[in-house]
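Structure, as structure tokens:
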There are 2 protein chains.
Amino acid sequence: MATIGDVAREAGVARSTVSSVLTGRKFVNPETKARVEAAIAALDYTVNQGARALATSRSMTLGLVVRFHESEFSPALATYIVAVTDVARANGYRTLLLTDFDGADAVRTVIRTRQVDGLVLLNVVEDDARIAPIVDAGFPAVLVGMPAEPSGIDAVDLDFSAGARMLVDHLADAGHRAATFVTWPEEVFVAGRTYAAHFRDACLEEARSRGLELRVLHAPVGPEAVKDALRHLLDTEKRPTALIVHNDAAIAMLPLVLRDLGLDVPRDCSVVSLHSAELGRQFGIPYTAVESQPERVSELAVEKLVARLGSPPEAASTVLVEPPLIVRGSVAGL
Amino acid sequence: MATIGDVAREAGVARSTVSSVLTGRKFVNPETKARVEAAIAALDYTVNQGARALATSRSMTLGLVVRFHESEFSPALATYIVAVTDVARANGYRTLLLTDFDGADAVRTVIRTRQVDGLVLLNVVEDDARIAPIVDAGFPAVLVGMPAEPSGIDAVDLDFSAGARMLVDHLADAGHRAATFVTWPEEVFVAGRTYAAHFRDACLEEARSRGLELRVLHAPVGPEAVKDALRHLLDTEKRPTALIVHNDAAIAMLPLVLRDLGLDVPRDCSVVSLHSAELGRQFGIPYTAVESQPERVSELAVEKLVARLGSPPEAASTVLVEPPLIVRGSVAGL
DNA sequence: CTGAAAGCGCTTACAG
DNA sequence: CTGAAAGCGCTTACAG
């Protein structure tokens, strides 16, 4: 492995001169610069990032803190992980992966050992234990997802409230006066998943203001139970005329249950949903939907963090990404 | 941030003595050691990993190279990523995530900049472009998955051939003489996914030797198409008496198609499959199956790599993890 | 515009 | 058993 000293010798200049062309921070005589670059190419030299990090006290590395709970494992996780890493690299940062084996301690340790310049927290929940050590240390970080209350840390999330309003409005505009809202199991709310609560609250409020009578159904856990619940909901004379679905398992199962029952959308029942494009593709979900934006959310989060790393402290803010409504004709006019 | 010098001063010893207690490589007088440890605690000192890396020329970091193709995005990816990271940490290694934005170049760069001590390649395919730069550099690495031919690099994979044989034997032992083998779309084979080929080849061979007549069905791409293909396969008088399924989409859809058609397992048709436990749980798949072992495979891969990092060069080897057969009574005796 | 020197925070022979 | 010195590979004031 060639070092900066080897390059300097080869080019017949001082190491600091090589460093200057490497960092681009100083003007170097074009001729000298060319010699240095030739030497770099000849020796196949690449900078030792660790040494640079030590000298500059900037690691150019972001820590990605992943929460991983067996029970709520989402296929979307990989999408966020890859997106964050891609955007980080595009901004000149590497990504160190931190699985959240011991909650707050993992965060505290990585901050103290100065391995990363900033932290991206995935899958943030209402009362997230990882937040306190970050605030205590005043460490640069960004949350993907939202805690219950402003934490003093930048956050980026999908605008679940806006998504909920879009769906309610879409139904109301078509003349619907009632619908059933299929949401997550109770335990998801208890676990502090704010996306669930934000969507629900906005949904209920918009429904009230638009005069849409809403019935709430917390889907059970497990694919078979979800199917049975849907079947039970739909296989009756008092079948709802419209469904608002915010629950991945339920929306994945719904086409099959409807087919089972010989029901047609939108003739027998109108359906709207919020889910990821990925899920939609995987299951071929054919309904009008507000699509979550994992790549976009990841991108904004990393860019926000990177911007903060370079500039003077500034008040924290939250960015909400408005999701697009993809109309697929699954709502009947009444 | 306290440094080793601060600790030395606080404890009234030399920096090298502090280093000795830090690394544990040298015997230090218990009393001195206690003083040093008190100082460390008092100053809340933690070692600067980057500086240590520079001094030791060991980064204690593993690079995790993730391939990510939109078209074949698997939810299992996150499982491997998290498992690799967990096991790496248990072995004292951090994990740097490398999304494979530009194939071989990404690998080449990370090797040359010496940011990692070793590489874990996820999702290896038949003729993987990432392998050449590793072999060229003689860099420590381990493959998760198998290339077509021995590459001179350690590899760990599920034993798909053994899994195939188990399933065929399970049917044959129950007296079955014929079955339909539902496998991946042609393009998966074309894309060089060796798991598909290994399973298929072993399946065909074992079927031949056990006198099981096997019909091969390459499932189409896309959930609706898969459902239609299964329906077409099963909704006929010449319906197969048994199914061997190696295709995530197909096995996820199968219970619903069977229910649609009013068919009972195993009365009307026996079913066996190879899929991940994760998928099985998510979709409530109730059939006898050989379950892939992402955590186990990841664990062995990391341990193999770590072992290689510590010891003298040794010939590469491939470890195949034998998957367990979980009997769920979906095979009728004939 | 270029270079010599100091320093980033560690570890590791080597004396003592 | 402990410490002074050199070195890991860079960058950054500071002279010149």
Side-chain angles (χ1 to χ4, degrees), chain A residues 1-40 43-61 92 94 109-117, chain B residues 1-40 43-61 92 94 109-117:
Chain A
M1 276 290 96
T3 73
I4 200 173
D6 299 329
V7 174
R9 195 175 321 117
E10 173 86 11
V13 299
R15 299 190 311 165
S16 47
T17 304
V18 178
S19 182
S20 294
V21 351
L22 249 29
T23 61
R25 289 189 182 290
K26 268 183 169 177
F27 187 91
V28 177
N29 184 305
E31 199 180 291
T32 314
K33 189 172 172 183
R35 279 221 312 287
V36 170
E37 280 163 349
I40 287 174
L43 298 175
D44 196 26
Y45 168 80
T46 44
V47 63
N48 178 320
Q49 299 289 356
R52 172 177 282 180
L54 183 58
T56 58
S57 56
R58 297 192 60 190
S59 65
M60 295 308 284
T61 302
R94 287 170 289 274
T109 299
V110 76
I111 292 179
R112 287 186 11 185
T113 55
R114 297 282 154 179
Q115 297 177 57
V116 301
D117 295 335
Chain B
M1 275 290 96
T3 74
I4 201 174
D6 299 330
V7 175
R9 196 174 322 116
E10 173 86 11
V13 299
R15 298 190 311 164
S16 48
T17 305
V18 177
S19 181
S20 295
V21 350
L22 249 29
T23 60
R25 288 189 182 292
K26 269 183 168 177
F27 187 92
V28 176
N29 184 306
E31 198 180 293
T32 314
K33 188 171 173 184
R35 278 220 313 287
V36 170
E37 280 163 349
I40 287 174
L43 297 174
D44 196 23
Y45 167 81
T46 44
V47 64
N48 178 320
Q49 299 289 354
R52 173 177 282 180
L54 184 58
T56 58
S57 56
R58 297 193 61 192
S59 66
M60 296 308 283
T61 302
R94 287 170 289 274
T109 300
V110 75
I111 291 179
R112 288 187 10 187
T113 55
R114 298 281 154 181
Q115 297 176 57
V116 301
D117 295 336

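So that the names make sense, note that chain A is the first sequence line, chain B the second, and so on, each numbered from 1. Remember, predicted model here, so these are calculated numbers, not experimental data.
- Taking the side chain of A/Leu54 as heavy atoms from C-beta on, and the options D/dG9, C/dA4, C/dC10, the nearest nucleotide is D/dG9.
- Rounding to the nearest 0.5 Å gives a distance of 13.5 Å between CG of A/Leu54 and CZ of A/Arg114.
- Considering only side-chain N and O atoms, B/Arg15 lies nowhere under 4.0 angstrom from the phosphate OP1 or OP2 of C/dC10.
- The base of C/dA4 lies close enough to the side chain of A/Ser16 for a donor and an acceptor atom to sit less than 3.5 Å apart.
- For the pair A/Asp44 and B/Arg112, the tightest heavy-atom approach, listed with the atom from each and the gap, is OD1-NH1, 2.5 Å.
- Contact annotation: B/Ser57 side-chain N/O to D/dC8 OP1/OP2 distance is not under 4.0 Å.
- Comparing C/dC10, D/dA4, C/dC8 against the side chain of B/Ala51 picks out C/dC10 as the nearest.
- Atom CD1 in B/Ile40 sits roughly 10 Å away from atom P in C/dC10 (whole-Å rounding).
- For B/Arg25 (side chain) and B/Ser19 (main-chain N/O), no donor-acceptor pair under 3.5 Å exists by modelled atom type.
- If you check every strand for non-hydrogen atoms under 4.0 Å, B/Thr46 touches sugar and phosphate atoms only.
- Taking atom CZ of residue A/Arg25 and atom C1' of nucleotide D/dT12, one finds them 10 Å apart after rounding to whole Å.
- Side chain of A/Arg35 to main chain of A/Ala11: a donor-acceptor pair is present (N/O by atom type, distance under 3.5 Å, no hydrogens or angles).
- In this structure, the CD atom of B/Gln115 is 20 Å from the P atom of D/dC8, given to the nearest Å.
- As rounded to whole Å, 10 Å separates atom P of C/dG9 from atom OH of B/Tyr45.
- Here the shortest heavy-atom pairing between B/Tyr45 and B/Thr3 reads CE1-C, 3.5 Å.
- The nearest heavy atom of DNA chain D to A/Val18 and to A/Lys26 marks one nucleotide each, and the one closer to the 5' end goes with A/Val18.
- Counting to the nearest Å, the C1' atom of C/dG9 and the CG atom of B/Asp6 are 10 Å from each other.
- A/Thr23 has no side-chain polar atom (N or O) that falls below the 4.0 Å cut-off from OP1 or OP2 of D/dT11.
- Between B/Arg52 atom CZ and C/dC8 atom C1' the separation is 16 Å, expressed in whole Å.
- Close to D/dG9, at under 4.0 Å from its OP1 or OP2, lies no side-chain N or O of A/Thr3.
- With C/dT2, C/dT11, D/dT12 as the candidates, the nucleotide lying closest to the side chain of A/Thr56 is D/dT12.
- Separating the CZ atom of A/Arg35 from the C1' atom of C/dT2 is a distance of 11 Å, rounded to the nearest angstrom.
- Nearest-nucleotide mapping onto DNA chain D: of A/Ile4 and B/Lys33, the residue sitting toward the 5' end is B/Lys33.
- Checking the phosphate oxygens (OP1, OP2) of D/dT2, a side-chain nitrogen or oxygen of B/Thr32 falls inside 4.0 Å.
- Regarding B/Arg58, its CZ atom lies at a distance of 18 Å from the P atom of C/dC10, rounded to whole Å.
- Considering only side-chain atoms of B/Ser19, the nucleotide from C/dT12, D/dG9, D/dT12 that sits closest is C/dT12.
- Pair assignment for D/dG16 gives C/dC1, based on Watson-Crick or G-U wobble hydrogen-bonding distances that are each under 3.5 Å.
- Side-chain N or O atoms of B/Arg94 include none that pairs as donor or acceptor with a backbone N or O of B/Thr61 at under 3.5 Å.
- Nearest nucleotide to the side chain of B/Asn48, out of D/dT11, C/dG9, D/dT2: C/dG9.
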